[in-house]
Amino acid sequence: MSRRIEPLITEEQIKARVKELGKQISNDYREKDLLLIGILKGSIPFLCSLMWEIDNEKLAMDFMDVSSYGSETESSGDVKILKDIDSSIKGKNVLIVEDIVDTGRTMQKLLGMLETREPASLKICTLLDKPSRRVCDVKVDYIGFEIENRFVAGFGLDDDQYMRQLKYVGEVIFDK
Ligand code: IMP
Ligand code: MG
């Protein structure tokens, strides 16, 4: 089976939207500290471009790696922390930066785990959202783009670990 990638969201569209999100986040966290927690590895390009657009003198960042076991196409919500953040988030304003929220299971579990550490606030910012796939009613505070139920790769998102380096997001088409 071969696969090809069909552009869905262009580099220009991503740049423009990230700029808007950065402005919104700058306003919402004015005079506040802000800790971005990037979820490895898919959030890296998004987090990098987003941070340039956030105007905040008390911006810090940290990273987590989580794995969600399940079938190849669907997460189970059985989330394991593979790499935790380095310091305490108690009393801090935390913004989780994710590549995509699909069923919402991963984010719901992660929110639950981080809530127990008593941050001052805890929000989610995702590049992509697939609302039609949602199983868990998780509130996503900042959304780059809503997409239909398609398997996508690029700008951090992977197809079996590949394609993360693409500057755009494309749909992965599986040809027989
Ligand atoms: P959830 O727990 O179902 O919301 O799973 C979200 C995770 O599934 C994301 O962090 C991605 O790693 C992965 N994922 C979901 N949809 C896609 C996709 O279309 N392309 C690549 N990865 C995806
Ligand atoms: Mg992921």
Side-chain angles (χ1 to χ4, degrees), residues 1-11 13-15 17-18 21 25 35-51 61-85 89 94-117 122-176:
M1 194 167 61
S2 67
R3 54 187 69 182
R4 64 197 161 84
I5 187 144
E6 213 162 73
L8 194 66
I9 307 170
T10 66
E11 187 181 347
Q13 285 174 309
I14 296 173
K15 265 192 192 146
R17 184 68 187 121
V18 166
L21 286 174
I25 292 167
L35 175 65
L36 302 178
I37 298 185
I39 308 303
L40 296 170
K41 314 175 181 73
S43 74
I44 294 293
F46 181 42
L47 185 138
C48 286
S49 39
L50 186 65
M51 70 178 186
M61 71 183 85
D62 209 332
F63 298 92
M64 272 182 110
D65 193 0
V66 298
S67 81
S68 179
Y69 295 105
S71 69
E72 221 168 80
T73 52
E74 190 149 333
S75 67
S76 64
D78 180 15
V79 176
K80 265 206 181 122
I81 297 180
L82 301 176
K83 184 225 171 287
D84 206 341
I85 44 175
I89 57 170
V94 173
L95 182 59
I96 300 172
V97 181
E98 175 62 306
D99 53 0
I100 187 166
V101 181
D102 187 30
T103 63
R105 289 187 180 116
T106 308
M107 276 304 108
Q108 195 187 49
K109 263 279 156 71
L110 195 59
L111 279 180
M113 290 185 212
L114 293 177
E115 281 290 2
T116 65
R117 303 183 188 183
L122 183 57
K123 291 188 176 185
I124 299 175
C125 177
T126 186
L127 174 67
L128 303 175
D129 184 21
K130 277 189 205 171
S132 65
R133 291 260 305 161
R134 201 73 93 252
V135 172
C136 295
D137 186 23
V138 50
K139 181 173 174 260
V140 185
D141 304 276
Y142 303 95
I143 297 166
F145 302 89
E146 270 190 15
I147 60 167
E148 286 169 27
N149 184 14
R150 294 174 174 176
F151 188 73
V152 294
F155 211 78
L157 290 113
D158 71 301
D159 173 21
D160 210 6
Q161 295 305 322
Y162 296 122
M163 308 278 194
R164 293 190 196 274
Q165 82 278 20
L166 298 180
K167 290 181 178 169
Y168 60 92
V169 171
E171 181 179 1
V172 183
I173 315 269
F174 299 89
D175 295 314
K176 288 197 187 107

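When a ligand or atom number is given, it counts from 1 through the structure's own listing order.
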Item to check | R117 with E115: basic N within carboxylate O range, under 4.0 Å | outcome: no
Checklist outcome for this item: ligand 1 atoms nearer than 4.0 angstrom to some heavy atom of K130 are 16 (N), 17 (C), 18 (C), 19 (O)
Checklist entry - Hey, are D129 and R134 close enough for a salt bridge, meaning a charged N less than 4.0 Å from a carboxylate O? => result yes
Next on the checklist: If we only consider heavy atoms of R133, is any one of them less than 4.0 Å away from an atom in ligand 1?
Outcome noted: no
Item to check | Partners passing side-chain contact (heavy atoms from CB on, under 4.5 Å) against R164 (at least two apart in sequence or in another chain) | outcome: K41, D158, Q161
Item to check | For E98, the ligand 1 atoms whose distance to one of its heavy atoms is below 4.0 Å | outcome: 10 (O)
Item to check | Ligand-residue contact atoms, ligand 1 with D158, heavy atoms, under 4.0 Å | outcome: 21 (C)
Checklist entry - Can you list the atoms of ligand 1 that are under 4.0 Å from a heavy atom of D99? => result 9 (C), 10 (O)
Checklist entry - Which ligand 1 atoms does G104 reach within 4.0 Å, using its non-hydrogen atoms? => result 1 (P), 3 (O), 4 (O)
Checklist entry - What distance separates T126 OG1 from Y142 OH, expressed to the nearest 0.5 Å? => result 13.5 Å
Checklist entry - Taking both backbone and side-chain atoms of F151, is any N or O found less than 3.5 Å from an N or O belonging to ligand 1? => result no
Checklist entry - Which ligand 1 atoms does R150 reach within 4.0 Å, using its non-hydrogen atoms? => result 19 (O)
Checklist entry - Does a side-chain heavy-atom distance below 4.5 Å link L21 with L50? => result yes
Next on the checklist: I'd like to check the side-chain hydrogen bond (donor to acceptor under 3.5 Å, both in side chains) partners of D62; sequence neighbours left out, ordered by chain and number.
Outcome noted: none
Checklist entry - Side chains of F46 and F155: closer than 4.5 Å at any heavy-atom pair? => result yes
Checklist outcome for this item: Note: heavy atom closest to atom 23 (C) of ligand 1, options I39, I100, D160, L128, belongs to I100
